[in-house]
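Quick one: the structure is below, and I'll ask about it shortly.
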Amino acid sequence: MDQSDRRDHLPTTEAAVTALHAIAAAHGREIEVTHDIGADRTSRRVAAGVGVTADPDGSLPHEAYAEFGGAPQVSVRLYPDDDALITVEGVEFHDVPRDDVPAFLRSVFGGLATVRSRRFPPVSSLVVPLPGDRTYKETVPVYLLTPWLSRRIR
């Protein structure tokens, strides 16, 4: 199995952030990462209460947000619940398992992502292939067709 066919295992948000830095370096991209640590700071735990930083099990939830420089515009929000929100040129991919994030980004930065377009009914979708014949597909509203997305229409 070559390295591009393996599925990464990222048990923590910090492991995922390390993988994002490696992908940015491999593709010559700048990366800026911000961290939110504690139940009172993470976006999915707004009901944690004032001054409550730990989960009921005593752990500190860790969330990170990463923005990559260059085109396409890509950001990743890593949630403590082992999933992520990946945004590519304004197109949001919700609930991507954290272990799929590196393969997803390698596909986007490696030029494998395409936009499939139909004339009737008129619809466009950003398709991101992953190893093992898996794909992520999200609808691209016509007002979000950036120059980068337009160059990928097939």
Side-chain angles (χ1 to χ4, degrees), residues 1-39 41-46 60-154:
M1 169 187 327
D2 77 42
Q3 189 169 356
S4 65
D5 288 338
R6 70 177 168 77
R7 185 168 176 167
D8 296 278
H9 177 62
L10 305 169
T12 65
T13 300
E14 193 59 39
V17 169
T18 300
L20 295 182
H21 280 285
I23 290 166
H27 292 278
R29 293 179 172 266
E30 297 285 324
I31 184 172
E32 185 175 324
V33 180
T34 57
H35 298 268
D36 289 315
I37 300 173
R41 303 266 322 213
T42 57
S43 64
R44 289 189 176 167
R45 289 181 169 80
V46 292
L60 285 174
H62 178 192
E63 180 174 298
Y65 179 76
E67 285 185 302
F68 292 85
Q73 290 181 323
V74 175
S75 66
V76 178
R77 179 169 299 280
L78 297 162
Y79 296 109
D81 303 325
D82 298 336
D83 67 329
L85 165 66
I86 302 175
T87 305
V88 179
E89 289 288 312
V91 180
E92 294 183 341
F93 291 82
H94 293 271
D95 302 320
V96 176
R98 183 167 50 209
D99 290 348
D100 281 351
V101 171
F104 186 105
L105 294 175
R106 285 190 290 267
S107 185
V108 169
F109 295 147
L112 299 176
T114 60
V115 174
R116 294 193 185 139
S117 187
R118 277 193 327 223
R119 290 183 192 256
F120 190 80
V123 67
S124 295
S125 299
L126 177 56
V127 180
V128 181
L130 270 62
D133 293 329
R134 296 177 301 129
T135 60
Y136 285 93
K137 179 178 170 182
E138 286 295 334
T139 301
V140 180
V142 69
Y143 62 86
L144 278 182
L145 275 175
T146 65
W148 185 88
L149 288 168
S150 295
R151 287 192 302 273
R152 278 156 184 71
I153 293 177
R154 303 285 179 254

Beyond-backbone contact of Leu126 with Lys137, side-chain heavy atoms, under 4.5 angstrom: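 A side-chain contact under 4.5 Å is absent here.
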N-O pairing of Asp81 and Arg98 below 4.0 Å: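 Result for this pair is no, no salt bridge flagged.
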Sub-4.5 Å side-chain heavy-atom contact between Leu112 and Val128: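 No, side chains not in contact.
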Whether Arg29 side chain and Ala71 backbone form a donor-acceptor pair below 3.5 Å: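 Between the backbone of Ala71 and the side chain of Arg29 there is a qualifying donor-acceptor contact (under 3.5 Å).
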Minimum side-chain heavy-atom gap Thr13-Tyr79 below 4.5 Å: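 SC-SC contact between Thr13 and Tyr79 ruled out.
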Test item: Val123 and Ser117 side chains (from C-beta on) under 4.5 Å apart, heavy atoms: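 SC-SC contact between Val123 and Ser117 ruled out.
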Non-hydrogen side-chain atoms of Val91 and Thr139 separated by less than 4.5 Å: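 They are not in side-chain contact.
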For Arg152, the option from Val115, Leu145, Val127 that meets side-chain contact (heavy atoms from CB on, under 4.5 Å):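 Filter result, single survivor: Val115.
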Side-chain touch Asp83/Val96, heavy atoms, less than 4.5 angstrom: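 Result no, sub-4.5 Å side-chain heavy-atom pair not found.
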CG on Asp36 to CG on Leu78, rounded to 0.5 Å: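 Result: 11.5 Å between the selected atoms.
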Phe104 versus Leu130, closest heavy-atom pair with distance: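 Minimum heavy-atom contact is CA-CD1, 4.0 Å.
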Interatomic spacing from CG in Asp95 to CD in Glu92 - rounded to 0.5 Å: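 Asp95 atom CG to Glu92 atom CD measures 11.0 Å (nearest 0.5 Å).
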Closest contact, heavy atoms only, Glu89 versus Pro72: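 The pair with the smallest heavy-atom distance is OE2-CA, 3.2 Å.
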Shortest non-hydrogen separation from Pro102 to Ile23 and the atoms involved: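 Reported closest heavy-atom pair: CA-CD1, 3.4 Å.
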Distance (rounded to the nearest 0.5 Å) between Arg154 CZ and Arg116 CZ: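 Interatomic distance, Arg154 CZ to Arg116 CZ, rounded to 0.5 Å: 10.0 Å.
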Any Val33 side-chain heavy atom under 4.5 Å of His21 side chain: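 Yes, close enough: below the 4.5 Å cut-off.
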Whether Thr87 side chain and Gly90 backbone form a donor-acceptor pair below 3.5 Å: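 Checking the backbone N and O of Gly90 against the side chain of Thr87, no donor-acceptor pair under 3.5 Å is found.
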side-chain contact (heavy atoms from CB on, under 4.5 Å) partner of Val140, the single match among Ser124, Ser125, Ser150: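 Output: one option passes, namely Ser124.
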Non-hydrogen side-chain atoms of Tyr65 and Val76 separated by less than 4.5 Å: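 Side chain of Tyr65 against side chain of Val76, heavy atoms only: no contact under 4.5 Å found.
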N/O donor-acceptor pair under 3.5 Å between Asp99 side chain and Leu10 backbone: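 Confirmed, Asp99 side chain pairs with Leu10 backbone.
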Side-chain donor-acceptor contact under 3.5 Å, Tyr136 with Asp100: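 Yes, a side-chain donor-acceptor pair sits under 3.5 Å.
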Ring geometry between His27 and Phe109 (parallel below 30°, tilted from 30 to 60°, perpendicular above 60°):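 If you compare the ring of Phe109 with that of His27, the planes turn out tilted.
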Ser75 and Glu67 side chains, donor-acceptor separation under 3.5 Å: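 No, Ser75 and Glu67 have no side-chain donor paired with an acceptor closer than 3.5 Å.
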